[in-house]
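To start, the structure itself, in structure tokens.
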Amino acid sequence: MGHPSFTRKQATIINVVAGGLLALGIVSSMMQSSSEGGLSGLFSAKSSASASIGQIDTDRIIAADSEPGNWLSYGRDYGEQRHSPLTQINAKSIKDLELAFSVDMYTTRGLEASPIVVDGIMYMTSSWSVVYAVDAKTGDEIWSYDPEVPGDWARKACCDVVNRGVAVYEGAVFLATLDGYLVSLNAETGEEIWRVNTLIDRKRPYTITAAPRVANGRVFIGNGGGELGVRGYVTAYDTQTGEQDWRFYTVPGDPNLPFEHPEMEEAAKTWKGGEWWKIGGGGTVWNSIVYDPDTDTVFLGVGNGSPWTRTIRSPGGGDNLFLSSIVALDPNTGVKKWHYQTTPGDTWDYTAVQDMMLADMEIDGKPRKVIMQAPKNGFFYVLDRETGELLRANPYVTVNWATHIDMDTGRPVENDSRDFNKSGKSKWILPGPLGGHNWMAMSFNPNTGLVYIPAMESPLVFDVDHDFKATGRYKYIEGGWNTGIEFGRLLPLLGEHPDMPANKGYITAFDPLTGKTHWMREHSTHWNGGTLSTEAGLVFQGNGDGYFVAYDAETGEEVWKVNTYTSTIAPPITYAIDGEQYVAIQVGSGGAGLTDGSTTPASSKYGNFGRLLVFKLNGGQSIEEREHWAREIPEPPKMELKAEAIDHGMEQYHEVCTFCHGIAVIGSAALPDLRHMSEQTHRMFKEIVLGGVLEDRGMSSFADRLSEKDVDSIHAFIVARSWQDYEVQEAAKKKVAAK
Ligand code: CA
């Protein structure tokens with residue numbers, strides 16, 4: 001790729017200033033005219049850990065309750081309950097909760113980070129793995145670090161160029177970058193201490209969006225890429241030197257090669273037939289890794305299979321360990337203690353990577369140390385974290401792929417009437433691939449005993465790849481999605497299932513022991529933010545409608561809300577400095593780009609302007625009101641559109657483009673909605689898709705994937721879809737004018 005002319009921060013500022021995502025052509029020509037080299041100088045700066053700043057160690061995280069003013073790690077402490085002891089902001093005082101300051105995150109892409117606050121400094125990430133250290137009282141920038149992720153790496157990311165945050169430990173800040181590096185930075189200056197490549201094969205579509213976790217001198221990191229086709233693993237590195245300590249693979253590799261560790265021999269017995277290793281097998285640990293000081297265990301949340309369908313991956317059946325499992329390892333050696341598989345033989349993208357939390361509870365009269373998770377498959381699991389014993393498994397959303405979990409075997413009882421493999425017919429499945437709950441953090445209040453889950457019901461029609469059905473062979477697509485599922489024919493398949501329910505999103509207060517939903521509130525979109533619980537009996541959540549809301553933890557009553565004019569997906573945190581409690585949240589939507597077009601999130605109404613918002617009592621600031629962003633579809637170009645080309649384009653679009661640009665060309669706010677392309681962008685369509693002129697922005701060339709005929713057809717389909725919606729828009733305008 002060409003060297004970026006502007007730094008990513010500059011480019012995104014220009015992008016925002018230039019009116020967002022519509023000014024594609026103008027921005028790209030501006031970008032080519034500058035010759036500045038950006039922040040590349042930082043790569044040569046070698047430093048050591050700070051001796052005074054960011055002095056978090058394992059004992060300090062264990063004792064986090066003794067310093068409630070700080071938020072020391074991803075989920076506050078090792079338990080990751082996201083429950084803060086702070087009570088200054090409570091049911092009585094919350095009426096005075098106001099914005100104290102905001103920080104521009106210089107992005108219109110997704111923001112997913114959970115900030116860390118230690119001794120007055122906040123460390124957080126933005127999109128493209130950029131790190132910021134800011135004064136937690138004012139938002140003033142102390143330093144920033146841009147790893148300069150190459151623009152073409154965005155194509156390897158299933159779900160936007162997001163990042164969920166850093167870890168801080170003994171004077172260093174640990175960042176995992178989208179392109180697979182783990183970096184240690186001086187917590188005081190942001191200078192690089194070390195940087196290691198975590199990827200076993202840089203040609204494979206690996207990405208990292210997770211926050212690393214640290215304990216006892218080790219930093220743990222996994223990766224993602226299950227949709228495109230990779231093999232999952234987790235690596236532990238020495239925090240001081242960056243040297244690799246151990247690596248644990250989550251699925252077996254080529255059976256003709258020696259097993260990397262004994263657990264792979266155990267796992268390989270559960271994979272039968274097929275050539276999964278060519279596609280990768282999956283099992284990526286792309287989100288949750290939790291360390292438990294009580295049992296000295298590190299828990300991995302393991303993802304779905306590559307490809308999604310077991311029929312292709314492992315045609316002889318089998319559980320396909322350790323897909324969709326919680327795996328408990330000895331953190332000193334990487335040797336497995338136990339595992340629990342939530343979805344044996346996963347076929348539905350049912351990752352078990354969702355945030356895990358640790359708690360001590362009395363269950364059936366016995367004190368238990370538990371680990372809890374609400375994975376994508378729709379069941380909420382409570383396991384004994386010393387033994388892996390299954391204690392509870394109840395549905396927390398509507399589930400139709402299985403009837404229940406058999407508590408004797410610990411296995412789901414699958415619903416045969418929804419089996420699209422055996423029946424050879426497409427079926428709509430709940431939860432869909434977005435899960436009953438995704439990476440958005442849940443929280444737990446030990447006083448109410450309730451878990452506050454950003455839950456959703458987002459079904460999808462599943463059908464096995466038609467080539468595979470016809471020939472029994474699956475063609476691996478290099479550089480493309482390899483789900484083995486019919487995305488190309490998604491629109492006609494949806495047409496066959498008019499009974500499929502619409503997307504829904506909730507916050508639910510779920511009792512992990514009884515399996516009862518104590519209360520729930522429905523949002524108008526399915527894609528909402530993580531939650532925060534506080535000792536004052538409050539639950540905070542930002543949602544897709546644009547509101548940041550506080551609920552009564554017991555009743556679900558809305559006790560406070562503010563319009564942020566942007567959709568939220570990130571989780572809030574809370575901290576205190578000089579006797580004042582703050583609540584902080586990153587706003588700005590993104591992530592998985594699949595849209596259903598039935599709702600309009602705030603980011604589509606007002607623009608997706610990424611910011612950190614920080615509130616305190618009598619903060620004195622207010623959030624700037626935004627006008628409804630009437631983004632009219634411009635008149636599409638007049639061109640001859642052949643039905644055959646539109647059909648071919650529709651299939652190619654949904655195979656290749658839909659994951660970022662949305663089903664039926666209804667885009668999310670974080671990435672361009674192609675119905676809004678300007679005349680110039682239409683003219684440049686081929687230069688963008690095949691020539692890669694917007695590579696720096698994440699839209700690299702698809703010349704390896706698409707022919708000129710494919711691109712013309714995709715363009716024809718987009719133009720046809722644009723005309724469709726343009727005419728609806730114009731008719732509605734005429735109707736208004738006639739009144
Ligand atoms: Ca997945």
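Side-chain N or O atoms of Arg60 include one that pairs as donor or acceptor with a backbone N or O of Gln55 at under 3.5 Å. A donor-acceptor distance shorter than 3.5 angstrom exists from the side chain of Asn70 to the backbone of Asp119, with no hydrogens or angles considered. Here the side chain of Gln88 pairs a donor or acceptor atom with the backbone of Gln581 at under 3.5 angstrom. Side-chain atoms of Trp527 never come within 3.5 Å of backbone atoms of Ile569 as a donor-acceptor pair (strictly under, hydrogens ignored). Although no hydrogens or angles enter the test, the distance criterion places no donor-acceptor pair under 3.5 Å between the side chain of Asn438 and the main chain of Met440. The closest donor-acceptor contact from the side chain of Gln541 to the backbone of Val549 lies at 3.5 Å or more, if one exists at all.
Once rounded to the nearest 0.5 Å, the distance linking CG of Asn445 with CG of Leu532 reads 10.5 Å.
When the options Thr58, Asp57, Thr239 are evaluated for a side-chain hydrogen bond (donor to acceptor under 3.5 Å, both in side chains) with Tyr169, the one that passes is Thr58. Checking Ile89, Thr574, Ile577 one by one against Tyr582, the side-chain contact (heavy atoms from CB on, under 4.5 Å) holds for a single residue, Ile577. Of the candidates Thr566, Asp104, Thr564, Arg611 forms a side-chain hydrogen bond (donor to acceptor under 3.5 Å, both in side chains) with just one, namely Thr566. Asp292 pairs in a side-chain contact (heavy atoms from CB on, under 4.5 Å) with only one of the listed residues (Val298, Leu358, Ile371), which is Leu358.
Side-chain contact check for Ser114 and Arg82: at least one donor-acceptor pair (N or O, by modelled atom type) lies under 3.5 Å.
Aromatic ring orientation, Phe548 versus Phe615: tilted (interplanar angle from 30° to 60°).
The ring-ring contact (aromatic ring centres under 6.0 Å, His included) analysis of residues 50-85, with sequence neighbours excluded, yields the pairs Tyr78-Tyr291. Sequence neighbours left out, not one pair with a member in residues 533-547 passes salt bridge (charged side-chain N to carboxylate O under 4.0 Å, His left out).
Applying the side chain to side chain contact (heavy atoms under 4.5 Å, CB included) rule to Asn197 yields the partners Tyr181, Leu199, Arg202; only residues at least two apart in sequence or on another chain are considered.
Between Trp286 and Ala210, the shortest heavy-atom contact is O-CB, 3.3 Å. Nearest heavy-atom pair across Ala136 and Phe101 is O-CZ, 3.4 Å. In plain terms, the two heavy atoms of Arg164 and Thr125 that are nearest each other are C-OG1, 4.1 Å.
With ring centers used as reference points, Tyr206 lies under 6.0 Å from Tyr233.
Dense packing is recorded around CD of Glu67, with more than 12 heavy atoms of other residues, nucleotides or ligands lying under 6.0 Å away.
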